Amino acid sequence: MYHDRALAGITRTHGAPKTAPQHFVPASAPALDCAIIVPTYNEAGNVGLLAKALEAALEGWAYEIIFVDDWSLDGTPDVVAAMAQADPRIRLIRRFGRRGLSSAVLEGMLASVAPILAVIDADMQHDEKLLPALLDAIRGGGADVAIGSRYCAEGSVGNWGGTREAGSRWATQLAQLALKAPLTDPMSGFFAVRRDVMLSALPRMSNMGFKVLLDMVASLPAAPRVAELPYTFRNRHAGESKLDSTVVIDFLMLLIDKKLGGRVPPRMIMFGAIGVLGLGVHLSVLTLAMALGASFIVAQTGAVLSAIAFNFILNNSLTYHDKRLRGPAMLRGLAIFYAVCGLGALANVGAGSVVFAHDHKAWLAGIAGAVVGSVWNFLISSLTVWKKK
Ligand code: GDD
Ligand code: MN
């Protein structure tokens, strides 16, 4: 399902914390003012420079830096481990067999007990000199969330191309749909938040994709007090961006999830929309084959097989892009999908017949059958074809 199982576990057990044991004597001042979370995937050429820049920027703050690495193969974890050996304020979390910026950031945040948590990209695109101002906005008590914004006051996206800037502005507008209070830069990956505020958003967060700030703010029980501080987005220092076309799908799924209050899995909506397109494919193949002289039975068989394959390919590359099957696994998945949809057709006819026997409305029976068949296809294929890795 859409919600990460680990997070669902957290949600279920979310409740009032137990009181501290009697023998625990708290120190007079908290040991940590803040934690800086740095998600990394193949950033070996950047992490050293970033750690130095953070050390200079955070003079006077009691901080820890938590790198959360998703098994980079370019040596990033080794570089961070060496830095952590030399400086106890630096920590490394390694995750295995998983990818995802949002979930990496959340896991980093959950690993810290600091009262203020900040996030910064590893590639030097965010201006670390803004961090003390972000942290101060929260420590001063004036804000729950402080965001480095490219779109307020004199903030800027630096020298981006026109298309990327237009795309980003368009997404920013669309994102407002999910927000109780408008933000100038809801896609920002550069922000600080009070720890307890983050924890209050956690049970409702989708924990998927790139948009951790948007997800968090849209999941809070009440609109937070927000400080937005301008900065200029810099060019990436070394390496390359991990953003690809799938972030658009992630973003749309996140918006749908937030708009529906998390009640209907966005994957199910996506699956249904692709099903409707599949109906178009079915009718086109049927018409074309008959126009070419095929008998109805042959044309209809071809249409069913093509429509199922079409649904499989689109769901595999969009709805389940994070679990995409490739090569032989993809062919195996297609075979299972055919079997699932075959049983779905039986469920469709069965449910339709029950409704028809009850009140003899063919259209109602047809719709009921289609709904039961589609829900079957969605649920069973998510458990078999695209089961959790
Ligand atoms: N652990 C982990 N896992 N880290 C990741 C992953 C992942 O799957 N994907 C990306 N990262 C890390 C990168 O290593 C980098 O430190 C940071 O997340 C941002 O990734 P980039 O690939 O540099 O993203 P970008 O520069 O294209 O996008 C930035 O701007 C967007 C707004 O336009 C990011 O700040 C986005 O969060 C932001 O939405
Ligand atoms: Mn970047």
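Bear in mind the structure is a predicted one, so any value in this text is a computation, not a measurement. For this chain, numbers begin at 1 and follow the sequence in order. In each ligand, atom 1 is the first atom listed, and ligand 1 is the first ligand listed.
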With distance as the sole test, does Lys242 use its side chain to make a donor-acceptor pair with the main-chain N or O of Tyr41 at under 3.5 Å? yes
Is the distance from the Mn ion (ligand 2) to the nearest N/O/S atom of Ser241 under 2.8 Å? no
Between Asp69 and ligand 1, is there a nitrogen or oxygen pair with a distance under 3.5 Å? no
Ligand 1 atoms in contact with Arg236 (distance to a heavy atom under 4.0 Å): 21 (P), 22 (O), 23 (O)
Is Asp121 in polar range of ligand 1, meaning some N or O pair under 3.5 Å apart? yes
Does a donor on one side chain sit under 3.5 Å from an acceptor on the other, for Glu43 and Ser72? no
Considering only the protein, which heavy-atom contact is closest to atom 22 (O) of ligand 1, and what is its distance? Lys242 N, 2.5 Å
Checking heavy atoms under 4.0 Å, the part of Glu43 that sits near ligand 1 is side chain
Does Val38 approach ligand 1 within less than 4.0 angstrom via side chain, backbone, both or neither, non-hydrogen atoms only? neither
Applying side-chain hydrogen bond (donor to acceptor under 3.5 Å, both in side chains), name anything that partners Thr384, two or more places apart in sequence or on another chain. none
Which protein heavy atom lies closest to atom 5 (C) of ligand 1, and at what distance to 0.1 Å? Tyr41 CB, 3.8 Å
Measure from the Mn ion (ligand 2) to every N/O/S atom of Asp123 and report the name of the nearest one. OD2
Gln125, portion touching ligand 1 at heavy-atom distance under 4.0 Å: side chain
Hey, mind stepping through Phe312 and Trp386 against ring-ring contact (aromatic ring centres under 6.0 Å, His included) and telling me if it holds? CA-CA 11 Å; Phe312 175 81; Trp386 295 285; 5.5 Å; yes
Could you tell me the residue and atom name of the protein heavy atom closest to atom 12 (C) of ligand 1, and the distance to it rounded to 0.1 Å? Pro39 O, 3.5 Å
We want to know whether Arg95 and Ser103 form a side-chain donor-acceptor pair, criterion being a heavy-atom distance below 3.5 angstrom. yes
Between Tyr231 and His126, is any pair of side-chain heavy atoms under 4.5 Å apart? yes
Indicate whether the side chain of Asp250 and that of His321 have a donor and an acceptor atom separated by less than 3.5 Å. yes
If hydrogens are left out, which of Leu101, Val47, Asn46 has an atom nearest to atom 37 (O) of ligand 1, that is, the closest non-hydrogen atom? Leu101
What protein heavy atom lies closest to atom 9 (N) of ligand 1? Include the residue and the distance to one decimal. Arg99 NH2, 3.7 Å
Hey, are Arg150 and Glu228 close enough for a salt bridge, meaning a charged N less than 4.0 Å from a carboxylate O? no
Residue, atom name and distance, where the atom is the protein heavy atom closest to atom 28 (O) of ligand 1: Leu243 CD1, 3.6 Å
Arg236/Glu240 salt bridge by N-O under 4.0 Å criterion: no
Judged by atom type as modelled, is there a donor-acceptor pair below 3.5 Å linking the side chain of Ser188 to the main-chain atoms of Gly148? yes
Does any donor atom in the side chain of Lys258 or Ser219 lie under 3.5 Å from an acceptor atom in the other side chain? yes
Is there a nitrogen or oxygen of Asp123 sitting under 3.5 Å from a nitrogen or oxygen of ligand 1? yes
Examine the proximity of ligand 1 to Ser241 and report which part, side chain or backbone, both or neither, has a heavy atom under 4.0 Å away. both
Do the side chains of Arg94 and Asp69 get close enough for a salt bridge, i.e. N-O under 4.0 angstrom? no
Would you mind reporting whether Glu55 and Ile65 have side-chain heavy atoms less than 4.5 Å apart? no
Among the heavy atoms of Gly100, does any lie under 4.0 Å from an atom of ligand 1? yes
Going by atom types only, do Gln300 and His282 share a side-chain donor-acceptor pair under 3.5 Å? yes
If we number the atoms of ligand 1 from 1 as shown, the ones under 4.0 Å from a heavy atom of Gly189 are 35 (O), 37 (O)
Taking 2.8 Å as the cut-off, does Asp121 contribute an N, O or S atom near the Mn ion (ligand 2), distance below it? no
Arg150: heavy atom below 4.0 Å from ligand 1, yes or no? yes
Within-cut-off N or O pair, Lys211 and ligand 1, under 3.5 Å: yes
Under 4.0 Å from any heavy atom of Asp70, which atoms of ligand 1 are there? 1 (N), 2 (C), 3 (N), 7 (C), 8 (O)
What I want to find out is whether Arg267 reaches Asp322 closely enough, with some N-O distance under 4.0 Å, to be called a salt bridge. yes
Which residue and non-hydrogen atom of the protein lie closest to atom 36 (C) of ligand 1, and at what distance in Å? Phe210 CD2, 3.9 Å
Per-atom contacts, ligand 1 versus His126 - under 4.0 Å to a heavy atom: 35 (O)
Compute the shortest N/O to N/O distance between Met187 and ligand 1 and return yes if it is under 3.5 Å, no if not. yes
One thing to verify: whether Arg234 and Asp127 come together as a salt bridge, which I'm taking to mean a side-chain N less than 4.0 angstrom from a carboxylate O. yes
Option set Phe190, Phe251, Phe233, criterion heavy-atom distance to atom 30 (O) of ligand 1, minimum: Phe233
Using a plain distance cutoff, I'd like to know if Ser188 has any nitrogen or oxygen under 3.5 Å from a nitrogen or oxygen of ligand 1. no
